[in-house]
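Only one structure is covered here, and it is reproduced in the block below.
Just so it is clear: chains get the letters A, B, ... in the order the sequence lines come, proteins before strands, and each one is counted from 1.
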There are 2 protein chains.
Amino acid sequence: MEKHTATKLFESLSSGIRLDIYRLLVKCGRDGMVAGQIAATLDLPPNNVSFHLKGMNHAGLVTVEQEGRFQRYRANLPQMLELIAYLTEECCAGHPEHCLVPPAESCCPEAARSPTPTSSPES
Amino acid sequence: MEKHTATKLFESLSSGIRLDIYRLLVKCGRDGMVAGQIAATLDLPPNNVSFHLKGMNHAGLVTVEQEGRFQRYRANLPQMLELIAYLTEECCAGHPEHCLVPPAESCCPEAARSPTPTSSPES
DNA sequence: TCAATAATACAAGAACTATTGAAATATAGT
DNA sequence: ACTATATTTCAATAGTTCTTGTATTATTGA
């Protein structure tokens with residue numbers, strides 16, 4: 001993932017309204033929601049919601065599909081998974097012993113496997 | 001996690017400079033880096049880096065520890081894991097068959113367990 | 001074609017964010 | 001105490017984003 005893509009995605013999630021919209025869409029799964037429904041559910045002006053949805057779509061955070069005169073929006077979950085991978089892809093690279101992630105959630109498989117103190121992967 | 005906390009964290013990652021800083025700190029693990037080192041590595045004015053680090057620290061994205069006249073910054077990975085959990089906590093809640101996440105990465109354990117009810121390509 | 005509805009586009013102003021340079025604070029070593 | 005270094009703070013400015021109201025586009029059904 002490119003840095004620009006990542007910053008746009010994060011920017012999309014940095015407003016309370018957009019975060020509410022995204023989480024609402026995550027809840028709806030593949031059903032998604034049409035724009036007016038989203039605006040009504042969150043009790044926001046439709047044009048404001050449309051403004052934010054446009055940005056979110058442009059960033060790649062949501063997808064949109066036309067249904068007659070409705071626009072159905074869905075969360076783009078695969079993109080989110082890529083984003084998370086991008087964020088942590090360099091986590092403790094080559095140095096699992098430096099990893100800051102609690103072992104229970106181990107970002108890096110090596111941290112769980114090897115008790116190696118400083119180096120020497122043997123295989 | 002509260003919405004305000006989440007938006008502040010996302011806002012922290014929505015600038016190229018702050019994303020660079022964060023990923024640099026993720027790479028360094030628990031060694032972290034002192035402010036001047038970060039500025040030098042990314043070839044940025046120290047006061048600008050300080051400005052961004054202050055915001056990142058305030059948002060809870062990084063931690064800081066004083067070392068004599070140096071300030072050592074570290075990525076706050078546990079906070080990031082909480083953020084990710086918050087984002088996806090409602091994912092396909094109660095409706096794993098609606099989950100948008102590819103099965104390989106299954107956000108929700110149920111999706112992996114239960115064979116898809118809507119269309120069943122059996123193993 | 002006409003009216004109604006869904007959604008987006010546009011424009012204006014307030015509010016916020018980022019960058020720069022200069023100044024201030026604090027620690028370490030002499 | 002004095003100087004050098006590390007970092008932060010402050011002020012000014014340029015640029016961007018958010019919200020509101022209004023207007024426009026597009027689809028549906030009579």
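Here the CD1 atom belonging to I21(A) is positioned 11.0 Å from the CG atom belonging to L13(A), to the nearest 0.5 angstrom. Summarising the geometry, atom OG1 belonging to T63(B) is positioned 11.0 Å from atom CD belonging to Q79(B); distances are rounded to the nearest 0.5 Å.
Not counting sequence neighbours, the partners of A6(A) by the side-chain contact (heavy atoms from CB on, under 4.5 Å) test are M1(A), F10(A), L83(A), Y86(A), L19(B).
Scanning DNA chain C 5' to 3' for nucleotides with an atom closer than 4.0 angstrom to a non-hydrogen atom of chain B gives a first and last hit of dT17(C) to dA28(C).
Here the side chains of V64(B) and L53(B) are not in contact, with every heavy-atom distance at 4.5 Å or above. Using a 4.5 Å heavy-atom cutoff, the side chains of M80(A) and L61(A) are in contact. Using a 4.5 Å cut-off on side-chain heavy atoms (C-beta onward), Q71(A) and Q66(A) make contact. Contact of the L42(A) side chain with the I17(A) side chain is not registered, since no non-hydrogen atoms from C-beta on lie closer than 4.5 Å.
Between F70(B) atom CZ and dT5(D) atom C1' there is a gap of 8 Å when expressed in whole angstrom units.
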Steps toward side chain to side chain contact (heavy atoms under 4.5 Å, CB included) verdict (T88(B), V26(A)): CA-CA 7 Å; T88(B) 50; V26(A) 166; 5.5 Å; no

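A donor-acceptor contact under 3.5 angstrom links the side-chain atoms of R69(B) to the base of dT5(D).
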Nucleic acid footprint by protein, nucleotides 8-20 of chain D - heavy-atom cut-off 4.0 Å, B for base, S for sugar-phosphate alone: BB-------SSBB

